[in-house]
Number of protein chains: 2
Amino acid sequence: MGIEYKTDCPIRAVLKVLGGKWPLLVLSKLEESKRFSAIKREIPEISEKMLIETLKQLTENKLATRKDFKSIPPHVEYKITDKGMKAMEAIPLMRKALSS
Amino acid sequence: MGIEYKTDCPIRAVLKVLGGKWPLLVLSKLEESKRFSAIKREIPEISEKMLIETLKQLTENKLATRKDFKSIPPHVEYKITDKGMKAMEAIPLMRKALSS
DNA sequence: TTATGTACTATAAAAAAAGTATGTACTATA
DNA sequence: TATAGTACATACTTTTTTTATAGTACATAA
């Protein structure tokens, strides 16, 4: 899935994990633990398919955690990790640079 | 061209200008002023079309400058701007976060 | 007069990403 | 027995992005 990047290049490494339309935006909503359905409500433009794929990718890369409450109907919550937080800190810097 | 992003969202603002496969990589090669052909040689995987489009986008956003030597055969050089440099500074931070 | 070099354009084809719609599991509740 | 509720899967279509390929302009040199 996604573009084939050489991860020894820092730029490629970043794009591989955070590039694309949704990962950064989804991650930005996870400062507080949230159910799948709640995230979807906060980002109505995203399709369920993309949200699931994005969340899966984020958890695989340890940028978010997935907590399954093992109940029925299902209850699952996602939350950004410290690693994810650190990565997100670069965004305001970039934004600031771009508006300079 | 590209995805329609609301620029009032910092994440969208960043993605609009630097998202996608090539902008960051191209920008990283422009610390020293370089001819179009030289950039292409440094990034052989990129197609000419994409390189031109990317360079145009970067110059439009003041992340790079384009200097035309008005000669024939053409001689044009591109170079990263201060603004571009500032934006690029966020990359190592992200990279560092991702490998933590 | 013909070939060369260089930035750039234009078109079509291929590949990748995203969107849409529908279906599944499973328990509780009506 | 039928329905609701929730996270997630899967097939299919459409859209977007990228690649590949073939030009164009124009001065200079062979």
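The model shown is predicted, which means the values in this text are computed figures rather than measured ones. Every chain is numbered from 1 and lettered A, B, ... according to where its sequence line falls, protein lines coming before strand lines.
Nucleotide D/dT16 holds its P atom 19 Å from the NZ atom of B/K21, rounded to whole Å. In this entry the distance linking CZ of A/F36 with C1' of D/dA9 reads 11 Å, nearest Å. Between the CG atom of A/L15 and the C1' atom of D/dT18 there is a distance of 15 Å, rounded to whole Å. Following rounding to the nearest Å, B/R41 (CZ) and C/dG5 (C1') show an atom-to-atom distance of 12 Å. In this structure, the CH2 atom of B/W22 is 13 Å from the P atom of C/dA16, given to the nearest Å. Atom NZ of B/K56 is separated from atom P of C/dA7 by 15 Å (rounded to the nearest Å). In this structure, B/E53 atom CD and D/dT16 atom P are separated by 15 Å, rounded to whole Å. Between A/L51 atom CG and C/dA18 atom P there is a gap of 13 Å when expressed in whole angstrom units.
Here the side chain of B/K21 pairs no donor or acceptor atom with the backbone of A/L15 at under 3.5 angstrom. Using modelled atom types, one side-chain atom of B/Q57 and one backbone atom of B/V17 make a donor-acceptor pair closer than 3.5 Å. Side-chain atoms of A/T81 come within 3.5 Å of backbone atoms of A/G84 as a donor-acceptor pair (strictly under, hydrogens ignored).
OP1 or OP2 of C/dA7 has not a single side-chain nitrogen or oxygen of B/K40 nearer than 4.0 Å. For C/dA7, the OP1/OP2 oxygens have a side-chain nitrogen or oxygen of B/S37 closer than 4.0 Å.
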**Asked** For every nucleotide of nucleotides 20-29 of chain D, 5' to 3': is a protein heavy atom under 4.0 Å from its base (B), only from its sugar-phosphate (S), or from neither (-)?
**Response** B-----BS--

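A/I91 is listed as a side-chain neighbour of B/M94, based on a closest heavy-atom distance under 4.5 Å. A heavy-atom distance below 4.5 Å is found between the side chains of B/I43 and B/V26. The side-chain heavy atoms of A/I52 and A/F36, taken from C-beta on, include a pair separated by under 4.5 Å.
Positionally, the nearest nucleotide of DNA chain D for A/L55 lies more toward the 5' end than for the other of B/I46 and A/L55.
Among residue pairs with one or both ends in residues 34-44 of chain B, those qualifying as salt bridge (charged side-chain N to carboxylate O under 4.0 Å, His left out) are B/K34-B/E42; sequence neighbours excluded.
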**Request:** Determine, stepwise, if the pair B/M88 / B/L24 fulfils side chain to side chain contact (heavy atoms under 4.5 Å, CB included).
**Result:** CA-CA 8 Å; B/M88 289 302 284; B/L24 286 172; 3.8 Å; yes

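Counting all heavy atoms, side chain and backbone alike, B/L63 lies closest to B/L27 at O-CD1, 3.7 Å.
The side chain of A/M50 has C/dA18 as its nearest neighbour among C/dA18, D/dT18, D/dA9.
Using a 4.0 Å heavy-atom distance criterion, A/Y78 is classed as a sugar-phosphate-only contact.
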**Asked** Could you spell out the base pairing of DNA chain C in dot-bracket, with Watson-Crick or G-U pairs whose two distances are under 3.5 Å, [ ] crossing and | to another strand?
**Response** ||||||||||||||||||||||||||||||

